[in-house]
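Reading through the structure tokens given below for one structure.
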2 protein chains.
Amino acid sequence: MAHVDATNTVTAVLEPSSQPEKVGSANRRIRRCVSAPTDFIPQEKDDSSVPRNQSVFSNLLHPSFRQASLILALYLGVGAICFSLVKDQIKGQKTNRILDAIYFCIVTMTTVGYGDLVPNSVATKLLACAFVFTGMALVGFFLSKSADYLVEKQEALLVKCLHINKKVGALELLKELKTNRVKYKFFINLGLLLLLIAVGMIFLTRVEKLSLVDAFYCVCSTITTLGYGDKSFSTKAGRIFAVFWILTSTICLGLFFLHLAELSTERKQRSIVKLVLTRKMTHVDLEAADFDRDRVVSVTEFILYKLKEMGKIQQEDIVPLMKEFEELDVDQSGMISTSDITRKYIESN
Amino acid sequence: MAHVDATNTVTAVLEPSSQPEKVGSANRRIRRCVSAPTDFIPQEKDDSSVPRNQSVFSNLLHPSFRQASLILALYLGVGAICFSLVKDQIKGQKTNRILDAIYFCIVTMTTVGYGDLVPNSVATKLLACAFVFTGMALVGFFLSKSADYLVEKQEALLVKCLHINKKVGALELLKELKTNRVKYKFFINLGLLLLLIAVGMIFLTRVEKLSLVDAFYCVCSTITTLGYGDKSFSTKAGRIFAVFWILTSTICLGLFFLHLAELSTERKQRSIVKLVLTRKMTHVDLEAADFDRDRVVSVTEFILYKLKEMGKIQQEDIVPLMKEFEELDVDQSGMISTSDITRKYIESN
């Protein structure tokens, strides 16, 4: 979710070119990072301890990608130790003790489940059950982290480009990139997936000596986590390859479906926005949008009304904010002014 | 996404009890369905043809659950015909021609892939590859539809209760239900999942004559779509049961993980909202929130500023709305009034 920040930054820089200042007051935008009249009150104490919203997002919604990798390593480590200890209670084609244990963990956690190695005692069966659930949750966690990470990395790159080259042409290109972000993500992912499929097929035909059709069949059976098990990785080299390839390719296919869903959601969202934007404003709307009942609709009243109509915000998002506004509006004028803030500040000290 | 409508309705009815009208103008809410001064202009034509936002949502974001079922039936029908025609090119334990074909489809589409029935020719292998991808997409589609459907059904029930019993006690209970909606959904799902596990285990011990541990192992291996294949449904009765049970239980586990993720997202979202709400308003904020630069912050300006800070809305949501506002504000007064609407109406005719 940290891409929210990057998005804001991009838009902020892009604003002048994206919309010329035609109409007076209605055309102002919420400004950030402007210097404020802080001349008669010292900088508030909590302003430095509680970071601004950008840090709030990166701290709360984006625990690092490294954390996920660490948990994965821990999971595989514990799995390798557990299953190499009970090696004799697993039946099937074996190569190397530790390698087989890791391979078994990967095949289990991704739910590929070839069945070329299967638990053969009560203890190992229950152990496998425990490992598949935790592994599944972990893959899901890893999947969401990967998605966030990829997006963030790409947008950080965009922002970097923006700072280096501030020409209008570049800006417009970047804006175009940004509006088609979901589409680009989808195609990058598709490219990566095709590459992984190709690599898998080449490996299976060369090392595991499968025919072309069988290699394709095994690749499909693996990346979809189907894992019939009639074709799988039986050699030592194959299993080393499989450990890395299975994890990346299954996660890549997961991301592919995720981005596909995102693409369709975005398309739907866009058509709603279009519908709401093109619908004519009627007198009924005018009265409904008139938040403060002064018989006219200001720009912010209009925006709130339309955002609600688009389904972007809900009534329950608004209610607590209205309560807070009332608390801040010390003189009950229906407006927060500098004097309200000052009074509030004096009250709280 | 159709639950958006239900949510609005609930909140609308709950409003009087949820927040007493203390402060004058600042405390008004955006009202819907109020009668408007349409006395000197006839009801606009497009008002009936373009439905209000509630219908917009149900039409665009919520193609019916039945549609998903129909596609599923079609998929299984085509699959049953295809695989029963190439019956001899599938090896493994067989029972009934059509039943095995459907069972094979279900085991493939859910990516369980036991491997008790495997394609044995180039044609069937490629067919299986095609079926697993379409099946996977279909299960994903079905999953999202189920999630929407369950939520909608539950909320329709809430609204119904609300209309029958309008006592304050009931209202408060329903409000409490609504705020913990994600949690309730999660627990309902967990209950359903445990029931499906129990049913599966009972069936496997009774009909497939597995031991208790093996039954548990087979259930876990199936619902997680692991499907090692050393234990699977081998009898005719078992496969009939499997067709229904595998599909519902894998989707149920998928929903379980979905709701788990939703629960954690909601918790994060809540802590952001709390952080933004408790952060003190400074002079910097005051100036940043002052949309129309009149040196005071109105309630709608405040709400927009805070929603942006919470990350609920982005700058790109606001920009097109500002453009539309400018177009509607015919006299460029910075406010839309009845006269603007009337002029716009006359212009367009």
Side-chain angles (χ1 to χ4, degrees), chain A residues 4 11 23 25-26 28 31-32 36-38 44 50 53 56 60-61 111 113 115 118 122 125 129 132 136 213 217 220 224-230 268 272 275 279 281-284 287-288 291-293 296-304 306 309 311 315 321 325-326 328 334-337, chain B residues 4 11 23 25-26 28 31-32 36-38 44 50 53 56 60-61 111 113 115 118 122 125 129 132 136 213 217 220 224-230 268 272 275 279 281-284 287-288 291-293 296-304 306 309 311 315 321 325-326 328 334-337:
Chain A
V4 166
T11 322
V23 183
S25 62
R28 311 284 179 192
R31 286 160 299 128
R32 286 161 183 282
T38 49
E44 300 205 12
V50 178
N53 62 326
V56 170
L60 281 170
L61 281 184
T111 77
V118 285
V122 171
K125 278 176 185 173
C129 288
V132 67
M136 245 182 124
V213 171
Y217 169 70
C220 285
T224 57
T225 77
L226 183 57
Y228 286 131
D230 50 344
K268 278 175 196 162
I272 287 173
L275 232 159
R279 196 170 68 77
M281 187 93 178
T282 65
H283 289 269
V284 182
E287 202 182 326
F291 210 81
D292 56 9
R293 300 220 189 168
V296 288
V297 171
S298 73
V299 62
T300 47
E301 282 175 342
F302 179 78
I303 290 171
L304 267 189
K306 286 286 184 176
E309 198 173 24
Q315 187 65 39
L321 292 173
F325 181 85
E326 282 162 33
L328 283 170
M335 293 280 177
I336 304 177
S337 58
Chain B
V4 166
T11 323
V23 183
S25 61
R28 311 286 179 189
R31 286 159 301 129
R32 289 164 181 279
T38 50
E44 297 204 17
V50 179
N53 64 327
V56 170
L60 282 171
L61 280 183
T111 76
V118 287
V122 172
K125 277 175 185 173
C129 289
V132 68
M136 246 181 122
V213 171
Y217 168 70
C220 286
T224 58
T225 78
L226 182 58
Y228 287 131
D230 51 343
K268 278 176 195 161
I272 287 173
L275 231 159
R279 197 172 67 77
M281 186 93 176
T282 65
H283 288 269
V284 182
E287 203 185 325
F291 209 81
D292 55 8
R293 301 219 188 167
V296 287
V297 171
S298 73
V299 63
T300 47
E301 283 175 342
F302 179 78
I303 290 171
L304 267 189
K306 286 286 184 177
E309 198 173 24
Q315 187 65 38
L321 292 173
F325 181 85
E326 282 162 32
L328 283 170
M335 293 280 179
I336 304 176
S337 58

May I ask you to test the A:T300-B:F302 pair for a side-chain heavy-atom distance under 4.5 Å? no
Can you name the closest pair of heavy atoms from A:V299 and B:F291 and give their distance? CG1-CD2, 3.7 Å
Nearest-0.5 Å distance, NZ of residue A:K125 to CG of residue B:D230: 6.5 Å
Checking heavy atoms, do the side chain of A:V122, its backbone, both or neither come under 4.5 Å from chain B? both
Does any part of the side chain of B:Y217, heavy atoms only, come nearer than 4.5 Å to the side chain of A:V118, both counted from C-beta? yes
Residue part contacting chain B, namely of A:I303, when any heavy atom lies under 4.5 Å: both
Flag the one option from A:G227, A:C129, A:G229 with the top tally of heavy-atom pairs under 4.5 Å to chain B. A:C129
Heavy-atom side-chain contact between B:V296 and A:I336 under 4.5 Å: no
Can you see whether B:T224 engages A:T111 through a side-chain donor-acceptor pair at a distance of less than 3.5 angstrom? no
A:D292/B:S298 under side-chain contact (heavy atoms from CB on, under 4.5 Å): CA gap, chis, key distance, verdict: CA-CA 9 Å; A:D292 56 9; B:S298 73; 5.8 Å; no
